[in-house]
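One structure is given below, encoded as structure tokens.
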Number of protein chains: 2
Amino acid sequence: MRAFAEKVFASETKDEDVREEISLFGVADCPILNQELAHHVTMYDDAERRLRHRLRSQQVEDSPTYLEVPHFQRVTITGDYAAGRKVHEAGTAEISPNRVAILLDRGGEVETERDQVQPVFTSPPKKGDDPFDTKSLAANAGYVARMHDGVIYVYKDEAAADKNQPLSLPAPDYNTFIDDMNFLIALIAQGPTKTYTHRRLKFLMSKFNVHEMLNEMEEMKELKKNPHRDFYNCRKVDTHIHAAACMNQKHLLRFIKKSYRVDADRVVQNIKGKDVTLKELFASLNLHPYDLTVDSLDVHAGRQTFQRFDKFNAKYNPVGASELRDLYMKTENHIGGEYFATIIKEVASDLEDAKYQYAEPRLSIYGSNPNEWTKLSSWFNKNRVFSPNLKWMIQVPRIYDIFRGRNFVPHFGKMLENIFMPVFQATINPQSNPELSIFLQHVTGFDSVDDESKHSGHMFSIKSPKPNKWDIVKNPSYTYYIYYMYANIAMLNQLRRERGMNTFLFRPHCGEAGAITHLLACFMTADNISHGLNLKKSPVLQYLYFLAQIPIAMSPLSNNSLFLEYNKNPLLEFQKKGLMVSLSTDDPMQFHYTKEPLMEEYAIAAQVFKLSTCDMCEIARNSILQSGLSHEVHSRSVLLLKRKQSFGAPVVLWVSRWLRQQSDRFIQGLW
Amino acid sequence: MRAFAEKVFASETKDEDVREEISLFGVADCPILNQELAHHVTMYDDAERRLRHRLRSQQVEDSPTYLEVPHFQRVTITGDYAAGRKVHEAGTAEISPNRVAILLDRGGEVETERDQVQPVFTSPPKKGDDPFDTKSLAANAGYVARMHDGVIYVYKDEAAADKNQPLSLPAPDYNTFIDDMNFLIALIAQGPTKTYTHRRLKFLMSKFNVHEMLNEMEEMKELKKNPHRDFYNCRKVDTHIHAAACMNQKHLLRFIKKSYRVDADRVVQNIKGKDVTLKELFASLNLHPYDLTVDSLDVHAGRQTFQRFDKFNAKYNPVGASELRDLYMKTENHIGGEYFATIIKEVASDLEDAKYQYAEPRLSIYGSNPNEWTKLSSWFNKNRVFSPNLKWMIQVPRIYDIFRGRNFVPHFGKMLENIFMPVFQATINPQSNPELSIFLQHVTGFDSVDDESKHSGHMFSIKSPKPNKWDIVKNPSYTYYIYYMYANIAMLNQLRRERGMNTFLFRPHCGEAGAITHLLACFMTADNISHGLNLKKSPVLQYLYFLAQIPIAMSPLSNNSLFLEYNKNPLLEFQKKGLMVSLSTDDPMQFHYTKEPLMEEYAIAAQVFKLSTCDMCEIARNSILQSGLSHEVHSRSVLLLKRKQSFGAPVVLWVSRWLRQQSDRFIQGLW
């Protein structure tokens with residue numbers, strides 16, 4: 001299987017322009033397929049159908065007990081279906097495909113295993129409580145953390161560490177991961193699997209279309225009957241947004257102008273021992289803020305950035321000057337990141353005013369040295385950058401090659417250690433770094449970021465060097481990064497759970513561009529992903545994401561400026577098929593025009609895709625479910641959906657086992 | 001020609017689904033065509049090219065004298081072009097097609113005639129001046145106004161009226177109009193004309209594309225060099241918006257809830273002598289405002305309204321209750337339209353805060369009785385509905401058939417008289433109706449509105465009954481309505497100009513749906529139109545609108561919910577070809593989601609069509625040029641463009657003369 005996988009990998013990574021749709025009739029009819037279809041349909045029993053109605057009709061927020069299950073029309077599928085053979089399919093199928101997965105993976109024993117691993121989020125501070133208060137930090141557990149082959153293990157003490165006897169926290173299994181990965185690579189390349197999944201997806205879409213035609217008015221009636229709640233005041237989360245671009249261009253412009261009016265004589269830089277005031281800084285750039293416009297600020301993406309991630313990254317520099325980026329959009333500078341903190345707090349204040357809008361901004365940890373966490377958390381605490389409407393994410397850029405090239409790190413293992421060791425240490429002994437410990441309470445997950453269209457060419461396999469042996473300047477592959485981030489987060493979560501602390505989700509950028517293997521790696525490891533555009537290219541993966549209901553934070557406006565034109569965005573298609581999609585802004589500074597970027601994102605999707613209010617509320621609900629919002633907020637929204645989270649071994653094992661079980665007869669028939 | 005026109009009319013009105021593009025090679029090559037092309041190209045001499053640069057680079061607002069004409073790249077067209085025949089076309093062609101018309105109609109003597117007829121707008125009140133002050137109203141001129149064959153004429157006195165000797169104000173000529181109309185109907189149906197114009201339009205589009213590819217970065221550099229001004233603070237006008245839907249759905253909802261909190265015990269209705277309070281009104285509807293949501297309010301257009309103008313109109317009733325429409329969105333009700341006035345003033349206040357945004361809301365005059373104007377102007381004055389950021393338009397629904405059916409009017413002439421006579425009288429003797437006279441100062445034009453997809457089947461011709469003879473219940477045709485509105489406005493403008501008063505533009509809804517003849521009628525009569533979608537269907541008319549630079553206020557979000565999906569909207573195509581398009585919201589209540597509907601409209605167009613900042617500023621500039629904003633605002637924006645206005649005979653004569661002259665050799669060759 002490995003050899004086969006390698007062949008597939010080579011062809012998949014080279015051939016980016018695979019046909020988006022495979023021929024429906026490329027493969028001869030297969031009896032297993034028909035059995036499988038019958039099996040799927042019979043799974044809808046009456047009780048479950050009732051539940052599913054409620055889900056579709058459910059708006060985010062309070063469960064409306066007064067709402068009766070409405071009289072939706074149903075599609076009964078009997079007789080000959082899709083295969084030229086009489087298969088009586090019992091039961092009438094309710095159409096909302098979004099619920100299928102929840103129901104499909106019921107009944108498997110694996111489920112119980114997953115039920116146990118729910119993420120832990122910090123509760124919002126009670127009235128009068130200070131979110132920065134360090135008094136209640138846990139005591140030192142006295143554990144020892146050491147990295148072994150790129151993964152940090154926790155030991156009872158130094159002696160246990162020396163003997164390499166880690167605590168019995170379940171650890172992710174490297175070999176299982178590689179095996180599963182090879183299995184999946186082979187799976188996605190099989191003709192019959194492609195045909196089957198393509199057909200299933202098409203069927204799901206058609207079912208949804210029929211459902212909509214029959215029940216659209218019923219759904220609207222239900223919405224109308226639900227008092228107090230409409231799209232405007234159902235909670236929605238901006239599930240993917242970078243802190244450095246969380247303000248819109250006009251906001252940044254206004255802020256720069258204001259800072260100049262108020263702070264012109266403030267020292268904002270020190271260049272070789274010489275203090276530089278704000279006035280002098282602008283003078284040195286031949287600029288006067290009064291003359292600045294949105295055009296000269298030049299942070300907005302345009303036609304020039306399409307398919308040019310490099311040009312897009314340059315847009316982070318206002319007026320093309322990295323000095324201004326450092327001053328206004330960095331946590332670490334001569335003024336202690338004060339301006340950046342103020343801008344973020346202004347954005348948060350807008351969200352608090354809007355009341356039902358939340359955001360999950362990303363801050364960077366690079367891994368070039370171990371002090372980054374201390375500096376970042378110091379900025380967070382000193383500037384008191386807290387808002388009940390913000391949850392924090394840590395983004396790790398995949399730029400080992402740059403650090404290695406400049407000799408900042410000796411090997412990839414060191415980079416991983418810089419990223420994760422401080423968090424392990426603060427988890428073992430919070431008092432040793434109180435500011436970091438506080439900050440971590442408000443962090444809800446990790447992201448992995450960079451231009452996915454860059455290829456490393458390397459294929460992750462058992463032959464790959466371990467991180468401490470990866471000392472070449474070349475960047476490891478996406479999958480390699482993802483696996484080692486995942487493995488460390490999984491270990492970390494085990495430890496934090498044991499210590500009664502909040503845990504972290506793994507929510508990488510994935511499938512925005514690049515090889516299909518990115519989506520495969522994240523299928524095995526991620527709690528949810530950002531973008532997922534390339535699922536268009538693989539019906540098998542698309543179907544798997546659907547079955548596992550792995551959430552996808554989509555940003556069609558961002559894609560429109562970078563990788564895919566708006567009309568071609570698969571958001572609507574995914575939503576109709578029942579993939580769990582949410583809407584997010586990515587970078588309001590670069591992409592949005594109005595004062596309410598998230599509403600702009602929803603409004604444009606609603607207009608272009610002609611979404612109904614029901615669709616929009618469903619997307620908003622999805623955003624809550626995939627977010628790191630506290631259980632207090634969740635509990636008002638979550639009804640039935642269960643979540644998987646990166647808790648080490650169980651998940652990796654689960655993927656493989658679950659998958660084999662899922663497609664049991666089908667896959668057995670092929671292999 | 002008439003017989004031919006009738007044949008064409010019959011086929012055009014029946015066949016709505018004409019192919020949108022005609023075959024480029026449907027007609028054999030024609031030597032006149034080639035001459036014509038050569039002629040067009042040689043018209044670009046160097047001096048004009050310089051002017052055109054400035055236009056393209058010009059942002060709305062101050063003329064930046066420091067801006068040098070930039071070094072744009074040019075396309076030189078030499079040798080064999082488009083016809084298989086060597087025609088040396090001298091001169092290098094600058095590409096911005098938007099300017100072509102301005103330059104094309106230079107040099108014709110007709111131009112001087114048009115130069116004389118500029119619209120007159122009321123200046124904004126000086127600081128401290130009260131816009132409602134009646135002191136400076138003009139004295140009684142003592143004239144007499146009488147309707148004759150559907151058009152109101154003005155006479156020195158009763159004696160002159162009895163002798164039918166009107167003042168020598170130039171009057172529109174009925175026969176010329178009919179002749180021109182027949183000429184145009186024949187013109188748009190000619191194969192060679194179609195080929196020629198289709199080719200020209202395609203050429204204009206290609207030229208613009210080349211221009212953009214070559215000069216996009218130069219244009220952006222120029223924008224950046226322009227201090228203080230960017231897209232956010234260049235003035236823009238919502239050129240097409242109905243007052244009754246000028247607030248967004250959330251705004252209306254908030255207002256209803258607030259009114260209930262404050263005014264629950266206020267008497268808001270009197271039904272058969274019994275006072276009804278707001279509380280009782282809601283109780284009778286089985287509603288409590290506290291429970292209301294945007295969904296139950298149900299004023300937003302959705303998938304259900306597509307191609308269903310009837311359903312769309314029903315959306316004007318909040319919660320489906322016409323009682324609430326009467327209370328909140330009408331000028332005439334038990335509370336004197338106070339709520340409606342307050343809502344509009346709130347919208348105006350948002351525009352004033354945004355500072356650079358203006359709107360031109362439409363209020364209705366129906367013509368069912370002659371007191372409508374007095375009531376409407378009383379509402380305007382009593383509630384002091386004035387804002388420097390609003391200019392008023394009067395919309396006249398084409399619903400004679402309903403009024404006639406209910407016996408409100410004996411014939412169509414009476415309806416016209418009800419609409420126009422009060423305005424003539426207030427113009428002759430302002431003191432006789434001071435409130436109306438004040439209101440008219442703030443009115444800048446007339447609109448003609450209704451569902452264009454309804455057909456009357458009637459063709460306007462010399463055989464058509466005159467308005468005072470049109471006493472059947474059947475509605476006259478669109479063209480009939482347009483001609484008589486135009487003729488009366490033209491007469492009215494002559495009078496008002498003579499009296500030193502502001503004049504009115506004619507800006508009908510046109511080409512949203514229905515027969516192509518609508519666009520033809522408006523080409524001959526309108527200052528600008530709303531929608532214009534159907535120009536897609538006639539290359540000849542499209543080219544004429546381009547040549548004459550008749551502005552088109554487009555509302556792609558409105559179209560998206562009613563007549564045409566967003567992606568198929570011709571806005572981008574029109575803009576590239578050089579038609580003069582602006583963006584407008586139509587009905588924020590039904591179509592928009594955010595707090596800034598006009599910005600939402602621009603943002604969505606920018607995203608879907610990938611407009612550059614330069615494009616967006618150009619569209620904003622177009623909106624100023626076609627609006628009824630005072631010359632004080634105009635003068636900061638208008639550089640070269642001249643405007644035509646409905647001033648009676650000169651315009652009708654001009655259309656025909658200008659057209660014959662324009663296409664001289666071409667048309668002579670065909671006829």
Side-chain angles (χ1 to χ4, degrees), chain A residues 59 212 216-217 220-234 249-250 253-254 288 290-298 300 302-304 306 319 556-557 560-561 565-567 591-597 599-604 606-614 616-617, chain B residues 59 212 216-217 220-234 249-250 253-254 288 290-298 300 302-304 306 319 556-557 560-561 565-567 591-597 599-604 606-614 616-617:
Chain A
Q59 289 203 48
E212 214 169 32
E216 192 170 18
M217 300 311 291
M220 264 175 52
K221 262 192 223 158
E222 269 193 283
L223 285 184
K224 286 188 199 172
K225 272 194 286 177
N226 190 1
H228 320 306
R229 294 285 163 210
D230 56 32
F231 172 68
Y232 287 92
N233 55 15
C234 76
Q249 51 177 351
K250 184 76 180 166
L253 181 70
R254 255 190 291 116
H288 193 295
Y290 178 72
D291 290 334
L292 271 185
T293 65
V294 159
D295 300 318
S296 50
L297 196 66
D298 196 21
H300 217 249
R303 288 182 289 213
Q304 285 73 35
F306 199 66
V319 209
L557 286 180
N560 188 48
S561 292
E565 273 157 30
Y566 206 104
N567 307 329
F591 304 124
H592 296 70
Y593 287 95
T594 70
K595 290 174 199 155
E596 305 172 279
M599 283 302 285
E600 188 177 338
E601 192 80 40
Y602 272 92
I604 298 184
Q607 303 278 13
V608 176
F609 298 133
K610 300 210 167 183
L611 301 177
S612 71
T613 312
C614 192
M616 287 168 82
C617 288
Chain B
Q59 289 203 47
E212 212 169 33
E216 192 170 19
M217 300 311 290
M220 264 175 52
K221 264 192 221 156
E222 270 193 282
L223 285 184
K224 285 188 198 171
K225 273 194 284 177
N226 189 3
H228 320 305
R229 291 287 163 211
D230 55 33
F231 172 70
Y232 287 93
N233 54 16
C234 76
Q249 53 177 351
K250 184 77 178 165
L253 181 70
R254 256 189 291 116
H288 193 294
Y290 178 73
D291 290 335
L292 269 185
T293 65
V294 159
D295 300 317
S296 49
L297 197 63
D298 196 19
H300 217 250
R303 288 180 290 213
Q304 285 73 35
F306 200 66
V319 209
L557 285 180
N560 188 48
S561 291
E565 272 158 31
Y566 206 103
N567 307 327
F591 305 125
H592 296 70
Y593 288 94
T594 71
K595 291 173 201 158
E596 305 172 279
M599 283 302 287
E600 187 177 339
E601 192 80 40
Y602 273 92
I604 296 183
Q607 304 278 12
V608 176
F609 299 133
K610 300 211 168 185
L611 300 178
S612 71
T613 311
C614 192
M616 288 167 81
C617 288

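Basis for what follows: all heavy atoms, side chains included, without hydrogens, waters or symmetry-related copies. Below, read A as the first sequence line, B as the second, and so on, with proteins coming before strands; counting in each chain starts at 1.
Residues that satisfy the side-chain contact (heavy atoms from CB on, under 4.5 Å) test with B:Glu565, not counting sequence neighbours, are A:Lys610, B:Phe306, B:Asn560, B:Lys568.
Put simply, NZ on B:Lys224 and CG on A:Leu292 are 12.0 Å apart, with the number rounded to the nearest 0.5 Å. Atom-to-atom distance recorded for A:Asn233:CG and B:Thr293:OG1 is 8.0 Å, nearest 0.5 angstrom. Put simply, CG on B:Asp298 and CG on A:Asp230 are 12.0 Å apart, with the number rounded to the nearest 0.5 Å.
Contact annotation for A:Leu297: neither backbone nor side-chain heavy atoms come within less than 4.5 Å of a heavy atom of chain B. Using a 4.5 Å cut-off between heavy atoms, B:Lys221 does not touch chain A at all. For B:Thr613, the part lying near chain A is the side chain, with the backbone staying farther off; criterion is any non-hydrogen pair under 4.5 Å. B:His288 does not touch chain A: none of its heavy atoms, backbone or side chain, sits under 4.5 Å away.
Side chains of B:Phe231 and A:His300 form no contact here, defined as non-hydrogen atoms less than 4.5 Å apart. Between B:Gln304 and A:Met217, the closest side-chain pair of non-hydrogen atoms falls below 4.5 Å. Residues B:Tyr232 and A:Arg254 fail the side-chain proximity criterion, which asks for heavy atoms closer than 4.5 Å.
Side-chain atoms of B:Gln607 come within 3.5 Å of backbone N or O of A:Phe591 as a donor-acceptor pair.
Most heavy-atom pairs under 4.5 Å with chain A: of the set B:Thr594, B:Leu611, B:Val319, this distinction falls to B:Thr594. For chain B, the option among A:Glu600, A:Gln249, A:Glu216 with the highest count of heavy-atom pairs below 4.5 Å is A:Glu216.
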